[in-house]
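Some notes on the structure that comes next.
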Amino acid sequence: MTGSANEGEPVHAAGPERAQDARGSRDAAGGRRNAAAGSRASADVSRRAAGPDWVRDAVFYQIFPDRFAASARVRKPGELEPWDAPPTIHGFKGGDLLGIAEHLDDLRALGVTALYLTPVFASASNHRYHTFDYETVDPLLGGDAALRELLDEAHARDMRVILDGVFNHASRGFWPFHHILENGIHSPYRDWFHLDPDVLAGRRGLTAYPGHADTDAGLGYRAWWDLPALPTLNHSNPAVRDYIYGIAERWLRFGIDGWRLDVPEEIDEPGFWEEFRRRSLAVNPDAYLVGEIWNPAPEWLAADPATGRFHGLMNYPLAEAILSFVGAGRLDEELVAKTYEYARNVRPIDGPEFGRQLQRIMTTYEPAVSQLQLNLLDSHDTPRFLSLAGGDRSALRLATLIQMTLPGAPCIYYGDEIGLEGREDPDCRRSYPWDPARQDAALRSFVAGLIALRKSEPALRRGRFRLLQAEGSAADSAAGSTIAYALDFEGADDFEGQTEDESSRGARGSAGSRPDAGRPTERLSVESRPAGHSIVVAVNAADVPNRICFQVPRLAGHRVEQVSWPGSDWTAAFAPTTLREGTLALEMEARAGMVLKARPDF
């Protein structure tokens with residue numbers, strides 16, 4: 001990590017010496033500001049190298065196009081599955097791109113500044129991960145003209161649009177694969193896929209539509225997860241690579257603002273993604289490339305174009321940690337057990353464990369790279385957050401507070417903001433309920449307010465994360481799970497944390513007021529140096545009120561005020577104060593959060 005130039009003592013003086021020291025303090029502060037300006041210039045270069053700057057300020061909204069909104073302007077060829085009926089594996093609801101365009105003002109009012117659309121290219125599946133024509137937008141979605149209108153309308157509202165690129169595998173309807181089905185080994189496209197030796201030798205054909213009797217014979221080709229509908233592309237073939245690169249360039253020239261790349265780890269051809277990045281950014285240097293990788297993978301995100309592949313990843317580790325913390329005691333364990341990766345990584349955790357995980361996640365990447373992660377709570381590949389949390393809306397509110405106050409671009413899965421639920425696929429892909437009676441208006445207002453707060457505070461988008469404190473009771477995590485962290489803007493330092501047992505620190509002043517006083521309690525604390533203005537976020541995930549008291553030496557001499565946002569019904573108040581000794585004491589409601597702003601009080 002890059003260090004800060006802001007390494008002096010807090011700008012304040014206690015007692016009678018304060019008046020005579022004030023001038024010197026201001027002079028010292030000016031020197032730090034000049035040094036910080038140089039540090040910021042260096043940081044700006046680092047940010048530009050890491051990726052597109054607009055992503056740091058973005059709020060994404062993920063849309064499954066068949067399920068968001070249907071426009072009367074897109075003619076459908078036949079009968080569709082009823083919009084409000086439970087979704088099925090193969091059913092089409094009729095959502096389209098013009099339907100999205102017609103609701104852009106609704107999304108803008110929510111605070112959304114960027115859209116991530118799951119695949120839109122021609123396909124015989126409702127999710128369109130079975131692509132058969134990468135050069136055509138699916139007619140059921142309105143075709144190329146509908147994408148053109150959506151892009152123009154979005155860009156007119158200063159909104160970006162990224163598309164889903166599925167380049168590891170295609171579908172058996174993909175025309176080169178169909179060419180092989182028709183012509184066998186005589187097809188010039190036979191090397192575009194991984195065909196079995198017997199097929200290449202002419203001893204058998206492909207079994208693309210196997211019946212029960214054909215199961216033992218195999219498909220005759222490599223397929224993703226052995227699914228016959230998804231033949232895997234041969235990326236060692238230069239013609240295949242050039243075709244994919246050409247598709248990426250084509251749609252970037254058309255006007256999209258980036259790509260979300262599906263299962264990129266499964267393409268192991270050396271240099272493939274580096275060249276994909278180089279050619280994509282040659283068309284649009286401001287394009288955002290984000291990969292679907294479910295685990296920490298810093299090697300994929302190097303800022304050097306010669307070695308880097310993407311700008312960000314879908315931040316599933318963060319989603320898992322947040323769910324484990326705010327959902328403790330509420331998790332639908334049966335649903336969690338059915339969910340890919342979550343079955344291993346999601347479990348009830350208390351404040352200290354969440355602090356450890358959060359600190360690990362926030363320090364996996366350089367700060368400039370962390371700001372480019374796609375911070376989601378759920379997606380089309382997981383059950384809805386609300387369902388995973390056992391339907392508990394307080395968990396979703398706390399999760400959204402954390403999501404909106406951390407580095408990285410938050411991404412809302414369509415409908416989460418109005419309380420849409422959904423279990424495993426296909427239930428997690430329900431149609432958006434446009435009837436206001438089926439929407440949680442208060443939740444939407446809460447989410448919109450948090451987005452507005454994020455936009456109003458640069459520290460929440462571009463600050464450096466710093467863990468302040470995390471507490472939890474080993475005996476009863478639900479009664480003692482709290483965490484506090486800061487986002488420092490302009491001149492934050494690197495930090496290191498340590499785990500300490502309560503008994504090794506002496507009695508905490510607030511222990512007598514806590515309902516779990518006397519139980520084995522663990523704390524995570526962090527020491528760091530003074531800095532400029534900060535945002536402090538505190539979360540009480542417990543079912544009872546809690547008093548959080550912690551030392552923040554770097555904020556000594558800072559004026560601290562509570563920050564509110566429209567839609568919040570949390571009522572705990574914090575009186576504005578100047579921190580003389582750098583100690584913060586917060587009275588927290590049960591299942592609630594608090595946001596404070598700290599500025600130097602010269």
Side-chain angles (χ1 to χ4, degrees), residues 88-92 118-119 121-136 138 164-245 247 261-273 276 291-295 337-341 343-344 380-382 424-426 429:
T88 62
I89 293 291
H90 298 292
F92 287 80
T118 55
F121 303 124
S123 174
S125 63
N126 56 39
H127 50 73
R128 295 181 174 84
Y129 284 92
H130 296 42
T131 309
F132 66 72
D133 188 350
Y134 291 93
E135 301 185 55
T136 303
D138 198 310
D164 210 321
V166 188
F167 301 129
N168 173 68
H169 50 269
S171 76
R172 55 193 167 197
F174 183 41
W175 55 267
F177 191 79
H178 184 73
H179 204 279
I180 300 172
L181 290 177
E182 294 291 335
N183 299 287
I185 61 171
H186 303 289
S187 171
Y189 297 104
R190 61 185 176 274
D191 292 332
W192 279 46
F193 304 90
H194 300 275
L195 305 184
D196 290 354
D198 284 350
V199 174
L200 292 172
R203 290 191 290 269
R204 61 160 294 183
L206 303 182
T207 309
Y209 298 88
H212 294 296
D214 302 315
T215 303
D216 294 335
L219 304 175
Y221 58 92
R222 188 184 304 171
W224 188 68
W225 283 26
D226 296 324
L227 296 171
L230 300 175
T232 303
L233 291 162
N234 178 13
H235 300 90
S236 66
N237 185 337
V240 172
R241 296 198 300 272
D242 285 342
Y243 176 79
I244 294 173
Y245 299 149
I247 293 299
L261 288 315
D262 190 59
V263 294
E265 290 177 297
E266 301 195 28
I267 299 178
D268 56 8
E269 177 65 21
F272 175 85
W273 288 116
F276 184 97
E292 183 211 5
I293 296 180
W294 288 62
N295 299 299
K338 295 178 180 177
T339 304
Y340 175 71
E341 290 291 338
R344 290 189 303 151
H380 65 290
D381 281 329
T382 71
E424 62 268 28
D425 179 18
R429 303 169 182 183

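All of these numbers come straight from a predicted model, not from anything done at the bench.
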Please check if atom [atom1] in [X] has more than 12 non-hydrogen atoms from other residues, nucleotides or ligands closer than 6.0 Å.
X      : atom1 : answer
Arg222 : CZ    : no
Asn295 : CG    : yes
His194 : NE2   : yes

Side-chain touch His127/Pro119, heavy atoms, less than 4.5 angstrom
no
Would you call Leu230 and His130 a side-chain contact if the rule is heavy atoms closer than 4.5 Å?
yes
Supply the atom-to-atom distance [X] [atom1] to [Y] [atom2], rounded to the nearest 0.5 angstrom.
X      : Y      : atom1 : atom2 : value
Thr131 : Phe167 : OG1   : CZ    : 8.0 Å
Ile89  : Arg429 : CD1   : CZ    : 7.5 Å
Asp381 : Asp262 : CG    : CG    : 7.5 Å
Leu233 : Glu269 : CG    : CD    : 12.5 Å
Asp196 : Leu206 : CG    : CG    : 8.5 Å
Trp294 : Arg344 : CH2   : CZ    : 11.0 Å

Tell me, please, which residues at least two apart from Glu266 pass side-chain contact (heavy atoms from CB on, under 4.5 Å).
Asn168, Trp224, Trp225, Val263
Check side-chain contact (heavy atoms from CB on, under 4.5 Å) between Pro188 and all other residues, then give those that pass, not counting sequence neighbours.
His179
Is the Trp192 ring parallel, tilted or perpendicular to the Tyr243 ring (thresholds 30°, 60°)?
tilted
Scan residues 176-194 for pairs that pass salt bridge (Lys or Arg N to Asp or Glu O under 4.0 Å), counting only residues two or more places apart or in two chains.
none
No-hydrogen, no-angle side-chain donor-acceptor test under 3.5 Å, Tyr189 and Asn183
no
Grab the two heavy atoms, one from [X] and one from [Y], that are nearest each other, plus how far apart they are.
X      : Y      : result
Ala208 : Pro228 : O-CB, 3.6 Å
Gly218 : Arg204 : O-NH2, 3.1 Å
Asn126 : His90  : ND2-C, 3.6 Å

Please enumerate all residues that pass side chain to side chain donor-acceptor pair (under 3.5 Å) together with Ser123, with sequence neighbours excluded.
Ser125
Taking salt bridge (charged side-chain N to carboxylate O under 4.0 Å, His left out) as the definition, give me every residue that meets it alongside Arg128, ordered by chain and number, with sequence neighbours left out.
Asp138
For the rings on Phe276 and His235, is their centre-to-centre separation under 6.0 Å?
no
ring-ring contact (aromatic ring centres under 6.0 Å, His included) with Phe177: which residues, sequence neighbours excluded?
Phe193, Tyr221
